[in-house]
Amino acid sequence: MCANGDTMKPIVTRFPPSPTGFLHIGGARTALFNWLYARKTGGKFILRIEDTDEARSTKDSVDAILEALQWLGIDWDEGPYFQTERKEIYSRYIEKLVETGHAYYCSCTPDEVNTMREAARAKGLKPMYNGRCREQGLAWADNTVVRLKTPVTGVTVVEDIVKGDTAFQNAEMDDFIIQRSDGSAMYNLAVVVDDLTMGINTIIRGDDHLINTPKQILIYRALGADLPAFGHVPMVLGPDKARLSKRHGAMSVDEYRKMGYLPDAVINYLVRLGWSHGDQEFFTRMDLIEKFDLEHLGRSASMFDMEKMTALNAKHIQAKEPGALAPFVLPHLQDLGIDACDDTFTSKVIETLQPRSKTLVEMAAAARFYYVDEPELDEKAAAKFLTSEAAAMLIQAADDIEALPEFTQAALEDVFTKIMADSGLGFGKIAQPLRVAVTGTTVSPGIFEMLLALGKDKTVQRIRRAVAWIQNQ
RNA sequence: GGUCCCAUCGUCUAGUGGUUAGGACGCCGGCCUCUCACGCCGGUAACCCGGGUUCGAAUCCCGGUGGGAUCACCA
């Protein structure tokens with residue numbers, strides 16, 4: 001909450017992706033910070049598509065970004081707005097800036113400006129536009145740009161929520177272009193006008209924007225507008241400490257969905273990467289909304305660690321109710337050609353797999369044997385455990401289980417106790433052949449929970465099939 | 001190179017002048033045990049360096065070093 005005298009102004013945040021690709025992990029994190037802060041304070045979260053680079057922007061990217069946000073459960077209260085649809089608004093503000101003397105037309109060509117830069121560089125100075133048209137009072141003409149008249153002296157201070165106060169010498173800033181010669185607005189102008197007109201008062205973004213901020217502040221001032229609060233969060237780095245990029249592997253949020261990560265886990269991990277709440281590592285979505293704050297945002301860059309995210313994913317898989325997990329598992333089962341239409345059965349299956357699945361892809365693969373009619377026998381497992389010595393025990397197991405009036409854990413325990421007594425075998429000697437008979441492999445959930453989930457008929461049927469297999473050897 | 005930001009175990013981090021520097025991931029042991037896991041117990045491992053300030057610095061200041069960002073008629 002932001003108390004401002006006697007008026008309470010709601011927090012308004014935004015996420016402004018460029019639709020030039022998929023929503024990547026780093027972008028998702030900034031979106032998350034803004035979204036959480038808005039939700040936490042009961043404010044508003046606005047989505048804006050910065051598509052003014054029409055050559056690189058695509059509709060497919062817009063769709064991909066929206067879908068990724070939806071999958072993560074990040075919803076927006078306004079938008080998506082598109083900058084390409086707001087060109088007249090920018091023009092109006094640029095005109096106003098020229099009229100009030102805060103900006104001017106400049107007829108210098110790019111070549112001429114380059115020459116100025118080189119001249120400055122030759123003198124050991126910072127390469128900048130030299131302000132030649134600044135006091136000319138030029139009118140609009142073809143190939144004319146608009147530049148902001150920036151202060152020549154003094155400092156512009158960014159009061160940053162996460163970095164603290166940062167001062168920039170105005171002498172370091174040249175009269176930068178706010179409108180191109182084709183009449184379109186430049187990034188810094190468009191952003192400020194958008195944020196201003198959309199009522200955005202809190203801007204959390206990557207610290208690669210920190211250097212843009214004094215320029216934007218100058219525009220706010222020229223417009224006579226109040227400044228929003230800025231918070232620049234550090235970048236996310238790859239394992240080689242370089243800024244996260246394609247070559248670091250899975251970058252897009254969508255890839256994590258495909259690899260079997262839960263949106264809650266992705267959110268949990270991303271937020272923890274650069275924000276903390278004491279020693280707490282596991283957060284539900286509600287936890288996050290309740291506990292997120294700007295005070296505990298980290299100031300140093302962090303490396304993306306997929307192993308830790310995977311560990312967190314495992315925890316979220318365990319924490320969910322089987323029924324709630326099912327909708328997330330189903331698509332992965334479908335990828336394996338499994339049509340799991342029986343919800344009760346699937347919930348039971350999931351429950352047995354929860355403690356032993358790090359991803360939903362793993363879970364689906366491990367669940368496969370439950371659904372197929374005849375699980376394929378692993379060669380080595382069958383050779384080792386489905387032996388002629390095991391046959392008698394398996395036959396007895398099939399017979400006794402089939403005769404069971406109630407298919408319960410207690411009843412199964414009785415069956416195995418009896419087999420152990422009759423055969424003199426230990427439980428392990430019985431369980432492994434049985435496991436191979438029923439699942440085809442040596443690895444599965446615990447015998448009882450697994451058989452119980454599978455059901456009596458399938459259990460008996462599979463044991464008998466294994467016996468037949470032994471007899472055919 | 002100029003400007004700006006950053007600096008605690010390998011990684012993510014807690015810490016806001018006095019702690020045996022805590023937690024998590026990973027790794028290594030052990031327990032549990034019908035396999036694999038889960039879980040539990042224990043261990044490994046850090047305050048970048050140098051100066052100050054202070055009775056006392058991971059914490060404050062300065063310098064160095066290292067890493068990152070940015071220097072467009074891109075966003």
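Hydrogens, waters and symmetry mates play no part in the numbers below; they use all other heavy atoms, side chains included. Protein chains get the first letters and strands the later ones, always in sequence-line order, with residue 1 at the start of each.
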Is any side-chain N or O of [X] closer than 4.0 Å to OP1 or OP2 of [N]?
X	N	value
A/Arg29	B/C12	no
A/Lys384	B/U35	no
A/Ser276	B/A14	yes

Item to check | cation_pi(A/Arg48, A/Phe15) dist<6.0 Å, angle<=45 | outcome: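 Geometry flag: not set, cation outside 6.0 Å or 45°.
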Checklist outcome for this item: Contact string for nucleotides 2-9 of chain B, one letter per nucleotide 5' to 3', B = base within protein heavy-atom range under 4.0 Å, S = sugar-phosphate only, - = neither, reads BBSSSS--
Checklist entry - Which part of the nucleic acid does A/Thr52 contact within heavy-atom distance under 4.0 Å: base, sugar-phosphate only, or nothing? => result sugar-phosphate
Checklist entry - Base, sugar-phosphate, or nothing for A/Arg147, non-hydrogen atoms under 4.0 angstrom? => result nothing
Next on the checklist: Ring centroids only, cut at 6.0 angstrom: are A/Phe283 and A/Trp275 within range, meaning strictly under it?
Outcome noted: yes
Look at the side chain of [X] and decide which nucleotide, out of [options], has an atom nearest to it.
X	options	result
A/Ser181	B/C25, B/A69, B/C73	B/C73
A/Asp279	B/A14, B/C73, B/C25	B/A14
A/Arg356	B/C12, B/C36, B/C25	B/C36

Next on the checklist: Ignoring hydrogens and geometry beyond distance, is the side chain of A/Ser302 in donor-acceptor contact with the base of B/C12 at under 3.5 Å?
Outcome noted: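 Per atom types, no contact qualifies.
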Item to check | Residue matched to B/U16 through Watson-Crick or wobble contacts both under 3.5 angstrom | outcome: none
Checklist outcome for this item: Paired to B/C36 by Watson-Crick or G-U wobble criteria (both distances under 3.5 Å) is none
Checklist entry - Among A/His316, A/Lys315, A/Lys320, whose side chain to side chain donor-acceptor pair (under 3.5 Å) with A/Asp264 holds? => result A/Lys320
Protein-nucleotides 30-34 of chain B N/O pairs closer than 3.5 Å?
from: B/C34; atom 1: O2; to: A/Arg435; atom 2: NH1; distance (Å): 3.4
from: B/C34; atom 1: O2; to: A/Arg435; atom 2: NH2; distance (Å): 2.7
from: B/C34; atom 1: N3; to: A/Ile447; atom 2: N; distance (Å): 3.2

Checklist outcome for this item: Between A/Pro127 and A/Asn212, whichever has its closest RNA chain B nucleotide further toward 5' is A/Pro127
Checklist outcome for this item: Assert: residue with more 5' nearest nucleotide on RNA chain B, out of A/Val145 and A/Arg121, is A/Arg121
Item to check | RNA chain B contacts made by residues 148-159 of chain A, counting heavy atoms under 4.0 Å | outcome: none
Checklist entry - Rounding to the closest angstrom, what is the interatomic distance between B/U44 and B/G22 at atom P? => result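 So the two P atoms sit 11 Å from each other.
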